[in-house]
Number of protein chains: 2
Amino acid sequence: MEQGHTDVTDSCRVVAPILNRIGDKWTVQVVRLLGDGPRRFNEIKRMVDGVSQRMLTLTLRGLERDGLVNRTVFPTIPPRVDYELTDLGRSLWLPVQALGLWAYEHHGEISRAQKAFDKRAGLSEEQPRKIAAAGMAGR
Amino acid sequence: MEQGHTDVTDSCRVVAPILNRIGDKWTVQVVRLLGDGPRRFNEIKRMVDGVSQRMLTLTLRGLERDGLVNRTVFPTIPPRVDYELTDLGRSLWLPVQALGLWAYEHHGEISRAQKAFDKRAGLSEEQPRKIAAAGMAGR
DNA sequence: CGGCATCCACCGGGATACTG
DNA sequence: CAGTATCCCGGTGGATGCCG
């Protein structure tokens with residue numbers, strides 16, 4: 001990638017839609033699951049608890065469309081379909097892992113911050129979050 | 001609700017909601033923007049093009065609630081409010097950067113994969129994606 | 001078994017107007 | 001300037017049923 005580019009919004013416009021894919025309700029779990037090796041449809045469905053088969057289908061289609069997973073059909077009876085990460089998918093898996101690690105390390109802090117925030121908001125509608133002295137507004 | 005799987009789904013359940021925050025429509029852009037230094041409300045609104053003031057408010061509130069940004073009110077007239085990343089917010093910024101880097105590096109591959117996929121889907125409804133020989137389905 | 005199609009509830013998010 | 005409040009639309013995603 002070209003370093004030294006400059007505009008924040010520029011790369012953000014590229015990142016945003018991808019983060020939207022990644023960050024949707026099921027993609028991450030599926031990617032992490034498949035990072036472990038190829039799985040078939042109902043296998044995934046069982047492991048990703050709570051997912052409807054509709055959403056799992058859509059998720060896998062999206063991943064396939066993005067070139068992140070390979071879909072392999074075995075024309076047997078009953079039919080069998082395997083999904084596995086492509087090289088691209090595996091390369092995605094790494095930064096996702098990093099983010100997952102961050103989430104895992106900090107979700108305690110986050111939920112504490114949330115509870116503190118909710119407490120402030122709940123006890124008093126007019127609780128000062130952080131008040132700066134007037135006059136130091138100039139930068 | 002089931003459990004007792006590998007540790008994959010475990011950490012995923014922690015990651016998913018956070019990725020949901022990060023991956024929502026505006027959070028990343030705001031975080032990256034604030035990674036550059038503190039900004040005031042309308043300053044952010046101007047830089048993040050397309051965001052409504054409602055969504056910007058909600059986004060910043062969410063980030064504040066998660067302990068990722070500090071909100072500082074200057075009780076001046078006209079009022080002024082600064083937003084800046086907390087230490088936690090800055091620590092998040094790194095893996096987000098990594099994911100952004102990945103997106104930036106691979107969005108070409110992705111859009112190519114998407115076009116190829118759409119072409120396959122468009123030309124023929126019954127285009128075989130990848131067919132494995134029957135008989136090798138056993139694992 | 002692995003889908004796709006349909007219907008429908010919910011809520012994310014935009015536009016607009018009003019307040020301190 | 002920095003919000004809050006209200007309305008409303010479209011997309012996301014769950015439930016169900018049918019099909020190869």
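Order of the sequence lines fixes the chain letters, A, B, ..., with proteins taken first and strands second; residue numbering starts at 1 for each chain.
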Point to revise | Interatomic distance, B/L58 CG vs D/dG3 P [rounded to whole Å] | key: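 After rounding, the gap between these two atoms is 11 Å.
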
Exercise for review: Report yes or no: do A/E64 and A/N70 form a side-chain donor-acceptor pair below 3.5 Å?
Suggested key: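 No donor-acceptor contact under 3.5 Å links the two side chains.
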
Exercise for review: For the side chain of B/W26, starting at C-beta, report the closest nucleotide among D/dA2, C/dG14, C/dG2.
Suggested key: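 The closest nucleotide is C/dG14.
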
Point to revise | Minimum-distance nucleotide (side-chain atoms of A/N42 versus D/dG3, C/dC1, D/dT16) | key: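 Selected nucleotide: C/dC1.
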
Check your understanding: B/F74 CZ to C/dG20 C1': how many Å, rounded?
Key ->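 The distance from CZ of B/F74 to C1' of C/dG20 comes to 18 Å, rounded to the nearest Å.
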
Exercise for review: For A/K45, report the nucleic acid contact type (base, sugar-phosphate, nothing); a contact means any heavy atom under 4.0 Å.
Suggested key: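 Nothing, no heavy atom under 4.0 Å.
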
Review point. Taking atom C1' of D/dG3 as reference, at what distance in whole Å does atom CD of B/E43 sit?
Key: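 Computing the B/E43:CD to D/dG3:C1' distance gives 17 Å.
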
Point to revise | Proximal nucleotide (of C/dG2, C/dG14, D/dG14) relative to the A/M55 side chain | key: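 Per side-chain heavy atoms of A/M55, the pick is D/dG14.
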
Review point. Rounding to a whole Å, what distance do you find between B/R21:CZ and C/dG12:C1'?
Key: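 Spelled out: CZ on B/R21 to C1' on C/dG12 is 12 Å.
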
Point to revise | Residue mapping more 5' on DNA chain C - nearest nucleotide basis, A/Q53 or B/G50 | key: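 Going by which nucleotide is closer to the 5' end, it is A/Q53.
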
**Study point:** Identified side chain to side chain contact (heavy atoms under 4.5 Å, CB included) partner of A/L92 from the options A/I18, A/L68, A/D66, A/T86
**Key:**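 Exactly one pass, corresponding to A/L68.
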
Check your understanding: For B/R39, which of B/L34, B/V30, B/D82, B/V48 qualifies under side chain to side chain contact (heavy atoms under 4.5 Å, CB included)?
Key ->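 That would be B/L34.
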
Practice item. Verify, without hydrogens or angle tests, whether A/R90 (side chain) and A/L85 (backbone) share a donor-acceptor contact under 3.5 angstrom. Key: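 Judged by distance alone, yes, a pair lies under 3.5 Å.
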
Review point. Taking A/S111 for the side chain and A/G108 for the main chain, is one N or O donor matched with an acceptor at less than 3.5 Å?
Key: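 Confirmed, A/S111 side chain pairs with A/G108 backbone.
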
Check your understanding: Would you say B/R40 reaches D/dA2's phosphate, i.e. side-chain N/O to OP1/OP2 under 4.0 Å?
Key ->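 Result: yes.
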
Review point. Between A/L60 (CG) and C/dC1 (P), how many Å, whole number?
Key: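 Computing the A/L60:CG to C/dC1:P distance gives 17 Å.
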
Check your understanding: Between C/dG20 atom C1' and B/I77 atom CD1, what is the distance in whole Å?
Key ->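 In whole Å, C/dG20 C1' lies 9 Å from B/I77 CD1.
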
Practice item. Measure from the side-chain heavy atoms of A/P79 and tell me the nearest of D/dG14, C/dG2, D/dA2. Key: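 So the side chain of A/P79 is nearest to C/dG2.
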
Check your understanding: Taking for each residue the nucleotide of DNA chain D with the nearest heavy atom, is it B/P78 or A/D24 whose nucleotide lies nearer the 5' end?
Key ->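 The residue mapped nearer the 5' terminus is B/P78.
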
Review point. So, is B/R61 near the phosphate of D/dT4, with a side-chain N or O under 4.0 Å from OP1 or OP2?
Key: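 Looking at the OP1 and OP2 atoms of D/dT4, one of them is under 4.0 Å from a side-chain N or O of B/R61.
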
Exercise for review: Rounded to the nearest angstrom, tell me the gap between atom CZ in B/F41 and atom P in C/dT19.
Suggested key: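 Nearest whole value for this atom pair: 18 Å.
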
Check your understanding: Is any side-chain N or O of A/R54 closer than 4.0 Å to OP1 or OP2 of D/dT12?
Key ->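 Result: no.
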
Point to revise | Atom pair distance, as rounded to whole Å: CG in A/L56 and P in C/dC4 | key: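 Answer to the nearest Å: 11 Å.
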
